[in-house]
A.B. asks: 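Here it is: the structure, laid out below.
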Amino acid sequence: MIKQSVIENVLEAALSTGGDFSEIFIEDKFVNELALQSGKIEQSISGRDFGIGIRIFSGLQSIYTYTNDFSEEGLLAAAKRAALAIKGGTTGTIQPLKKDIITPIHNIIILPNSVEHARKATIMRQANDIARNYDERINQVKVRYLDEEQHILIANSEGKFVEDTRIHSRLAIQATAFEGKEMQTGFYGPGAHAGFEFIENLDLEHYAGEAARIAVTMLHADECPSGKFPVIIDNEFGGVIFHEACGHGLEATAVAKNNSVFANRIGEKVAPDIVTYIDDGTLPNEWGSLNIDDEGEKTRKNILIENGILKGYLIDKFNARRMNAEPTGSSRRQSYRFNPTSRMTNTYIAPGSSTPEEIIASTEYGIYAKYMGGGQVNPSTGDYNFAVMEAYIVKDGKIDRPVRGATLIGNGAKTLQLVDRVGNNLAHGAGMCGSISGSLPVNVGQPMIRVSEMTVGGTKGE
């Protein structure tokens, strides 16, 4: 991308006023997005984004700047401007750059940029037709296609020099059912760190069919009762609750500033023995996986909670200084425009020994949340509020009638302690996670679990 000699000069210029660490992040990204509605491609966007981020540390001070000017003069000027914010430090030294050779963990077969848009649009139309043909009440379907090819180079004053290529592909299907004045929507959005082969091999009958089924099922569902009940949360995207309400509290972004209920609690019992919580960026071809993080560290399997005991946090390089700890390969950013920080990759509750049938059969009365929707969380407290896209009453150990309007309300740390069943059917769901370093692909996951008591907001009492 840029000559090594230029990179070395930029790193040195960044330390010219007393910094002790400097880093350069170079990104060249290609993006394709298509949107289909009413059976027609309504939007087709292709673009390229190129830029460079420069970061400087001086003790516990961090300076970040970025530029699109990749000339040596432009980069040196940007580095020197950033360095002016550093005052009175001990100037660090530049170690000789040594290129790291990484072994990719993701098998990429078909580069998305090599595939014509017509081929992509054909699959989108197939998904549209499957959803529309599911039921005559489905009268609106939206299908969105996304692929990204990101080339990065990371170098720093400690001698790190590493390059990587990341490929992401995703298909999102939204179906809407109408009958009279009633309207309900279903959604499914599978994604992977993979090439176009992922899109071509998708089981469209399943994904498009499920989006349509959810919409039709919820069309005339009963109103959800409100109160405190046992709640069964199904596998896959059900893990979004603990991603939001617990996962963010285990990131050094919050922990290093004591803005987390999990700060300074390593070794404490924070969940039942049956709960093990993991963030693993090494899972082959998973949506949230990476070969290296955005500081050039290899991703790894980080066990955060093991058999209920808090074992560790997700730590980036800068917050490692604050915490007197080691980075965990967890530093991420949306693009060169963002200063990186600790973020999740593929975060999930490990499988337990109960079968889904056993969990349901052992529940006398409660709520079964099959598919989660969106929600809100206060990261400093873990208090959350999540909508349930598809829910059912559980009565006498059996799934009963569907209900709509269900909202799960609670506190992540407290909810974690109330997990009393963990299933054996682990699955992951693809999503996007927003935080101070931008919006990122992440997987959330879990097997079916049961929480012994949760506050359920509904539209009627029972």
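Given the structure is predicted, the values throughout are model-derived calculations rather than measurements.
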A.B. asks: As a quick check of understanding, evaluate salt bridge (charged side-chain N to carboxylate O under 4.0 Å, His left out) for Arg48 and Asp28, giving each step before the final call.
C.D. replies: CA-CA 7 Å; Arg48 181 182 183 184; Asp28 192 5; 2.7 Å; yes
A.B. asks: Do Arg170 and Glu148 pass the salt bridge (charged side-chain N to carboxylate O under 4.0 Å, His left out) test, and can you show the C-alpha distance, the side-chain angles, and the key distance before you say yes or no?
C.D. replies: CA-CA 9 Å; Arg170 193 181 192 193; Glu148 292 184 351; over 6 Å; no
A.B. asks: Kindly indicate, with the supporting measurements, whether the criterion salt bridge (charged side-chain N to carboxylate O under 4.0 Å, His left out) is fulfilled by Asp234 and Lys370.
C.D. replies: CA-CA 5 Å; Asp234 213 343; Lys370 182 170 177 61; 3.8 Å; yes
A.B. asks: For Thr328, check side-chain hydrogen bond (donor to acceptor under 3.5 Å, both in side chains) against everything at least two apart and list the hits.
C.D. replies: Ser330
A.B. asks: Using 0.5 Å steps for rounding, measure from the CZ atom of Phe161 to the NZ atom of Lys98.
C.D. replies: 14.0 Å
A.B. asks: Using a 3.5 Å distance criterion without hydrogens, assess whether the side chain of Tyr277 forms a donor-acceptor pair with backbone atoms of Phe242.
C.D. replies: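 A pair under 3.5 Å: yes.
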A.B. asks: Can you check whether Asp20's main-chain N or O pairs, donor with acceptor, with Ser58's side chain at less than 3.5 Å?
C.D. replies: no
A.B. asks: Output the distance between atom CG (Leu84) and atom CD1 (Ile63), rounded to the nearest 0.5 Å.
C.D. replies: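 One finds 10.0 Å between CG of Leu84 and CD1 of Ile63.
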A.B. asks: Is there a side-chain contact between Ser331 and Glu297 in this structure, where contact means two heavy atoms from C-beta onward sitting under 4.5 Å apart?
C.D. replies: no
A.B. asks: Would the distance check show the side chain of Arg450 and the main-chain N or O of Ser362 forming a donor-acceptor pair, the cut-off being under 3.5 Å?
C.D. replies: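 Yes, Arg450 side chain to Ser362 backbone: donor-acceptor pair under 3.5 Å.
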A.B. asks: Please answer whether the main-chain N or O of Asn259 pairs with a side-chain N or O of Ser380 as donor and acceptor at a distance below 3.5 Å.
C.D. replies: no
A.B. asks: Please answer whether the main-chain N or O of Glu390 pairs with a side-chain N or O of Arg404 as donor and acceptor at a distance below 3.5 Å.
C.D. replies: no
A.B. asks: Any luck finding a side-chain donor-acceptor pair between Glu210 and Tyr371 under 3.5 Å?
C.D. replies: yes
A.B. asks: Please name the pair of heavy atoms, one in Ala79 and one in Ile54, separated by the smallest distance, quoted to 0.1 Å.
C.D. replies: N-CD1, 3.9 Å
A.B. asks: How about Phe70 and Phe50: are their ring centroids closer than 6.0 Å?
C.D. replies: yes
A.B. asks: Would you please indicate if the ring centroids of Tyr66 and Tyr336 are separated by under 6.0 Å?
C.D. replies: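 Between Tyr336 and Tyr66, which both carry aromatic rings, the centre distance is below 6.0 Å.
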A.B. asks: Would you tell me whether Thr341 and Arg333 have side-chain atoms, one donor and one acceptor, within less than 3.5 Å of each other?
C.D. replies: no
A.B. asks: Distance-only, no hydrogens or angles: does the Arg144 side chain make a donor-acceptor pair with backbone N or O of Ile173 under 3.5 Å?
C.D. replies: no
A.B. asks: Identify the two heavy atoms, one from Asn285 and one from Ala192, that lie closest to each other, and give their separation to 0.1 Å.
C.D. replies: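 Closest approach of Asn285 to Ala192, heavy atoms only: O-CB, 3.3 Å.
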A.B. asks: Between Gly195 and Ser169, what is the shortest heavy-atom contact and its length?
C.D. replies: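 Residues Gly195 and Ser169, closest heavy atoms: O-OG, 3.4 Å.
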A.B. asks: Are Ile241 and Leu408 close enough, and set up right, to give a side chain to side chain contact (heavy atoms under 4.5 Å, CB included), and what steps lead you there?
C.D. replies: CA-CA 9 Å; Ile241 285 184; Leu408 303 183; 3.6 Å; yes
A.B. asks: Can you check whether Trp287 and His193 have ring centres sitting under 6.0 Å from each other?
C.D. replies: no
A.B. asks: Would Lys3 and Glu72 count as a side chain to side chain contact (heavy atoms under 4.5 Å, CB included) here? Give the steps.
C.D. replies: CA-CA 9 Å; Lys3 290 181 180 180; Glu72 182 170 8; over 6 Å; no
A.B. asks: Measure the spacing between CG of Asn385 and CG of Asn378 and express it to the nearest 0.5 Å.
C.D. replies: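 Reported value, rounded in 0.5 Å steps: 12.0 Å.
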A.B. asks: For Pro225 versus Val403, what's the shortest heavy-atom pair and its separation?
C.D. replies: CD-CG1, 4.4 Å
A.B. asks: Do Tyr368 and Thr363 have side-chain atoms, one donor and one acceptor, less than 3.5 Å apart?
C.D. replies: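 No, no side-chain donor-acceptor pair sits under 3.5 Å.
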A.B. asks: For a 4.5 angstrom cut-off between non-hydrogen side-chain atoms, does Ile7 reach Leu97?
C.D. replies: yes
A.B. asks: For residues Tyr64 and Glu23, is any side-chain donor paired with an opposing acceptor at under 3.5 Å?
C.D. replies: no
A.B. asks: Under 4.5 Å between any side-chain heavy atoms of Asp316 and Glu295, yes or no?
C.D. replies: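 Yes, side chains in contact.
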A.B. asks: Measuring from atom CG of Leu250 to atom NZ of Lys311, what distance do you get when rounded to the nearest 0.5 angstrom?
C.D. replies: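 With rounding to 0.5 Å, CG (Leu250) is 14.0 Å from NZ (Lys311).
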A.B. asks: Could you point out which residue of His106, Gln150, Glu149 forms a side chain to side chain donor-acceptor pair (under 3.5 Å) with Arg166?
C.D. replies: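 Only one of His106, Gln150, Glu149 forms a side chain to side chain donor-acceptor pair (under 3.5 Å) with Arg166, namely Gln150.
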A.B. asks: Hey, are Asp293 and Lys298 close enough for a salt bridge, meaning a charged N less than 4.0 Å from a carboxylate O?
C.D. replies: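 Judged by the 4.0 Å cut-off on N to carboxylate O distance, Asp293 and Lys298 do not form a salt bridge.
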A.B. asks: Nearest 0.5 Å, what's the CD1-CD1 distance between Ile449 and Ile349?
C.D. replies: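 If we round to the nearest 0.5 Å, Ile449:CD1 and Ile349:CD1 are 4.5 Å apart.
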A.B. asks: Counting C-beta onward and ignoring hydrogens, is there a side-chain heavy-atom pair between Asn107 and Pro284 closer than 4.5 Å?
C.D. replies: no
A.B. asks: For residues 411-430, pull every pair meeting ring-ring contact (aromatic ring centres under 6.0 Å, His included), keeping only residues two or more places apart or in separate chains.
C.D. replies: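 Non-adjacent pairs meeting ring-ring contact (aromatic ring centres under 6.0 Å, His included): Tyr348-His428.
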A.B. asks: Once rounded to the nearest 0.5 Å, what's the spacing between atom CG of Asn411 and atom CG of Leu416?
C.D. replies: 10.0 Å
A.B. asks: In this structure, are over 12 heavy atoms from other groups packed under 6.0 Å from Lys29 atom NZ?
C.D. replies: yes
A.B. asks: Using side chain to side chain donor-acceptor pair (under 3.5 Å) as the criterion, point out the one residue from Asn302, Thr299, Thr345 that pairs with Asp279.
C.D. replies: Thr345
A.B. asks: Would you find more than 12 non-hydrogen atoms of other residues, nucleotides or ligands less than 6.0 Å from Lys160 atom NZ?
C.D. replies: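 Result for NZ/Lys160: enclosed.
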A.B. asks: Determine whether the side chains of Ser342 and Glu251 contain a donor N or O and an acceptor N or O closer than 3.5 Å.
C.D. replies: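 Short answer, no.
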A.B. asks: Please report the C-alpha distance between Asn156 and Phe21 in whole Å, then the side-chain angles of each, then the deciding distance to 0.1 Å, and finally whether the side chain to side chain contact (heavy atoms under 4.5 Å, CB included) criterion is met.
C.D. replies: CA-CA 7 Å; Asn156 65 37; Phe21 171 85; 3.6 Å; yes
A.B. asks: Regarding Thr67 and Asp69, do their side chains bring together a donor and an acceptor under 3.5 Å, going by distance alone?
C.D. replies: no
A.B. asks: Cut-off 3.5 Å, side chains only: do Thr347 and His243 have a donor facing an acceptor?
C.D. replies: no
A.B. asks: Within the distance-only criterion (no hydrogens, no angle test), does the side chain of Gln334 pair as donor or acceptor with the backbone N or O of Ser439 below 3.5 angstrom?
C.D. replies: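 Yes, because the side chain of Gln334 sits within donor-acceptor range (under 3.5 Å) of the backbone of Ser439.
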A.B. asks: Can you tell me if Glu358 uses its side chain to pair, donor with acceptor, with the backbone of Pro356 under 3.5 Å?
C.D. replies: no
A.B. asks: For Glu268 and Arg265, indicate whether the former's side chain and the latter's backbone hold a donor-acceptor pair under 3.5 Å.
C.D. replies: no
A.B. asks: In terms of side-chain heavy atoms, does Ser437 have a donor or acceptor partner in Asn339 at a distance below 3.5 Å?
C.D. replies: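 Their side chains do not contain a donor-acceptor pair, so the 3.5 Å distance test is not met.
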A.B. asks: State, to 0.1 Å, how close Ser289 and Asn346 come at their nearest heavy-atom pair, and which atoms those are.
C.D. replies: OG-ND2, 2.7 Å
A.B. asks: When you check the side-chain N and O atoms of Gln446 and Asn235, is any donor under 3.5 Å from an acceptor?
C.D. replies: no
A.B. asks: Just do the side chain to side chain contact (heavy atoms under 4.5 Å, CB included) check on Ile102 and Asp164 with the steps written out, would you?
C.D. replies: CA-CA 8 Å; Ile102 61 172; Asp164 191 25; 3.4 Å; yes
A.B. asks: As a quick check of understanding, evaluate salt bridge (charged side-chain N to carboxylate O under 4.0 Å, His left out) for Glu158 and Lys317, giving each step before the final call.
C.D. replies: CA-CA 12 Å; Glu158 296 174 346; Lys317 195 173 187 67; 3.0 Å; yes
A.B. asks: Looking only at atom types and distance, does a side-chain atom of Tyr313 sit under 3.5 Å from a main-chain N or O of Phe262, one as donor and one as acceptor?
C.D. replies: yes
